[in-house]
Amino acid sequence: MQHNYKENCIQKVPIFSKLSIKEMIEVSMTTTHKEYKKGETIYLEGELSEILFVINKGKVKIFNISEDGKEQIIRILGVGDFMGELSLFTKYPLKNNAEAIEATSICIIYSKNINELIEKNPSIALKIIKELSVRLETTEEMIESLRHKDVEQRVADILIKLADENNVINLSISKKDLAAYIGMSQETLSRKLSKFQEGDLISQEGQRKIVILDIVTLSKISKKIQ
């Protein structure tokens, strides 16, 4: 049973999708796993690590703490996503923090084993680079948003990005974490959402569901069009 669990974990990771069954079994044989409770730290900035962390179940937030103690969420990761990838290429300390935001299972793969696989399957390295490029682009967009958009714009922007084809948002994270992700306090986010609701732009249903009622006006706010 333990072997199947680990093999399934490997199968969930896109960077391993081209491995043969034999190669997947080889990886799974050197993989261990660990369970984390909601709010439990997975790793801290500054730690030395030679591990690739793969999420088998649950969600993880990657974040930094500013000099004034404020939390800035960099990204939210889910099943099949990986963390600690820079340890595969460098010996530098980890640059951020990782915390489980719900009950989470992590598969742990040591960089030595990954590097041996990369030598045999260069496509793995290309997939890791592609994923890192996407993450870098997302981070740059977030920095630009924090630098050039005011609070109201950022809230409108994230609502539009999170909405499905029916203009419905089912938050997979708490509003506290959402606020930290877009660089504001939970209180500020709540005030802006209330303002949007009072203006009939959105409707809030419970803690996690938001329905966009006026996508046109919200888009104008996001772009600051009068």
Side-chain angles (χ1 to χ4, degrees), residues 14-15 45 55 58-83 85-86 95-99 101-102 126-226:
I15 62 172
E45 180 180 1
I55 302 175
K59 286 188 177 68
V60 173
K61 66 179 178 182
I62 306 298
F63 65 97
N64 288 326
I65 302 295
S66 65
E67 291 182 1
D68 59 0
K70 291 182 180 178
E71 179 182 291
Q72 174 61 60
I73 295 180
I74 301 168
R75 65 184 64 91
I76 303 292
L77 302 178
V79 174
D81 287 327
F82 55 87
M83 311 166 285
E85 62 281 346
L86 293 181
K95 300 296 185 183
N96 44 50
N97 308 277
E99 179 184 302
I101 56 177
E102 61 185 48
L126 292 175
K127 288 186 177 183
I128 292 173
I129 291 169
K130 183 178 180 181
E131 174 62 22
L132 293 182
S133 297
V134 171
R135 292 183 182 183
L136 179 60
E137 182 179 359
T138 302
T139 300
E140 288 177 345
E141 288 177 356
M142 181 179 67
I143 292 170
E144 285 298 302
S145 176
L146 291 173
R147 183 181 300 164
H148 298 296
K149 293 189 175 185
D150 62 26
V151 168
E152 194 167 67
Q153 283 180 288
R154 275 180 266 153
V155 175
D157 195 42
I158 197 66
L159 290 177
I160 293 168
K161 287 180 178 177
L162 293 176
D164 63 16
E165 65 275 8
N166 298 312
N167 289 334
V168 175
I169 302 157
N170 289 295
L171 292 175
S172 61
I173 59 175
S174 68
K175 287 180 179 175
K176 177 183 176 183
D177 284 336
L178 179 63
Y181 181 66
I182 56 177
M184 64 187 66
S185 67
Q186 184 177 355
E187 293 74 17
T188 299
L189 173 62
S190 295
R191 283 198 301 270
K192 292 302 175 183
L193 291 175
S194 295
K195 180 181 177 182
F196 287 167
Q197 183 162 270
E198 290 166 5
D200 293 326
L201 303 183
I202 65 170
S203 172
Q204 298 185 79
E205 302 176 12
Q207 291 298 310
R208 297 290 180 103
K209 186 176 180 179
I210 301 171
V211 180
I212 296 178
L213 304 176
D214 188 346
I215 189 72
V216 174
T217 302
L218 213 58
S219 296
K220 289 180 178 179
I221 292 172
S222 172
K223 297 177 176 66
K224 275 297 180 188
I225 299 173
Q226 300 301 320

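Heavy atoms only: backbone and side chains are in, while hydrogens, waters and symmetry mates are out. The first residue in the sequence is number 1, and the count goes up from there.
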Heavy-atom check, side chain of Ile160 versus side chain of Leu218, under 4.5 Å: yes
Is there side-chain contact between Ile202 and Ile169, with at least one heavy-atom pair below 4.5 Å? no
In short, Arg154 meets Gly183 closest at the heavy-atom pair NH1-O, 2.9 Å
Please walk me through it: do Leu189 and Lys176 pass side-chain contact (heavy atoms from CB on, under 4.5 Å)? CA-CA 9 Å; Leu189 173 62; Lys176 177 183 176 183; over 6 Å; no
Return yes if some donor-acceptor pair links the side-chain N/O of Ser194 with the main-chain N/O of Ser190 below 3.5 Å, else return no. yes
Return yes if some donor-acceptor pair links the side-chain N/O of Asp164 with the main-chain N/O of Asn166 below 3.5 Å, else return no. yes
Using modelled atom types and a 3.5 Å cut-off, is there a donor and acceptor pairing between side-chain atoms of Glu99 and backbone atoms of Ile62? no
Spell out, as yes or no, whether a donor-acceptor pair under 3.5 Å connects the side chain of Asn97 to the backbone of Glu45. yes
What's the separation between atom CG in Asp157 and atom CD1 in Ile182, rounded to the nearest 0.5 Å? 9.0 Å
In Å, rounded to the nearest 0.5 Å, how long is the span from CD1 of Ile212 to CG of Leu159? 5.5 Å
Using a 4.5 Å cut-off on heavy atoms from C-beta on, say whether the side chain of Lys195 contacts that of Val155. no
Would you indicate whether the side-chain heavy atoms of Arg208 and Ser174 approach each other to under 4.5 Å? yes
To the nearest 0.5 Å, what is the distance between CZ (Arg191) and OG1 (Thr188)? 4.0 Å
Test side-chain contact (heavy atoms from CB on, under 4.5 Å) on Lys70 and Ser185; report intermediate values, then the result. CA-CA 9 Å; Lys70 291 182 180 178; Ser185 67; over 6 Å; no
Kindly compute the distance separating CD (Glu152) from CD1 (Ile221), expressed to the nearest 0.5 Å. 5.0 Å
Would a distance-only check, ignoring hydrogens and angles, find a side-chain to backbone donor-acceptor pair under 3.5 Å from Gln197 to Gln204? yes
Taking atom NZ of Lys175 as the centre, report whether more than 12 heavy atoms of other residues, nucleotides or ligands fall under 6.0 Å from it. yes
Indicate the atoms forming the closest heavy-atom contact of Phe63 with Ile73, along with that distance. CB-CA, 3.8 Å
Measuring only between side-chain heavy atoms, which start at C-beta, is Gln207 closer than 4.5 Å to Leu171? no
Taking the side chain as everything from C-beta on, heavy atoms only, tell me whether Asn64 gets closer than 4.5 Å to Lys95. no
How many angstroms lie between CG in Leu193 and CG in Leu201, if you round to the nearest 0.5 Å? 11.0 Å
Donor-acceptor contact present, side-chain Gln72 to main-chain Ala180, <3.5 Å: yes
Measure the spacing between OG of Ser203 and CG of Asn167 and express it to the nearest 0.5 Å. 12.5 Å
Kindly indicate whether the side chain of Phe196, heavy atoms from C-beta on, has any atom under 4.5 Å from the side chain of Ile210. no
